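In what follows, a single structure is set out as structure tokens and then discussed.
Source: prediction; values computed, not measured.
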Amino acid sequence: MKTKKSNRISADNSNACLLFLKNRGGRAKLSELTFSRDIIQSLITKNIAKVTNTGIGYYLELEKKS
């Protein structure tokens, strides 16, 4: 069972990752990210971000909202 503190840290890290992506034009190379796999996976699971293969590397990109 997670504590409130760990949930808050996880949410803070998710927000930091989102802010990082927004400041980089909505995408960043996976190899450049310092966020944990759990944070990245949570953004993907919530359909906030996706991983794309550009042929020259893998990128984490924000999902486009319609």
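Counting heavy atoms from C-beta on, the side chains of Ile39 and Leu33 never come closer than 4.5 Å. Residues Tyr59 and Val51 have side chains not in contact (no heavy-atom distance under 4.5 Å, counting atoms from C-beta outward). Residues Ser36 and Asn13 are not in side-chain contact: their nearest non-hydrogen atoms beyond the backbone lie 4.5 Å or more apart.
Thr34 meets the side-chain hydrogen bond (donor to acceptor under 3.5 Å, both in side chains) test with no other residue; sequence neighbours excluded.
Taking each heavy atom of Ile40 and Phe35 in turn, the nearest pair found is CD1-O, 3.8 Å.
Under the 4.5 Å side-chain heavy-atom criterion for grouping Ile, Leu, Val, Met, Phe, Trp and Tyr, Ile48 is connected to Ile44 within one hydrophobic cluster.
Here Leu43 contributes atom CG and Lys50 contributes atom NZ; the two are 14.0 Å apart, rounded to the nearest 0.5 Å.
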Could you tabulate the donor-acceptor pairs under 3.5 Å formed by side-chain atoms of residues 19-31, not counting sequence neighbours?
| from | atom 1 | to | atom 2 | distance (Å) |
| --- | --- | --- | --- | --- |
| Asn23 | ND2 | Leu19 | O | 3.3 |
| Arg24 | NH1 | Glu32 | OE1 | 2.7 |
| Arg27 | NH1 | Glu61 | OE2 | 3.2 |

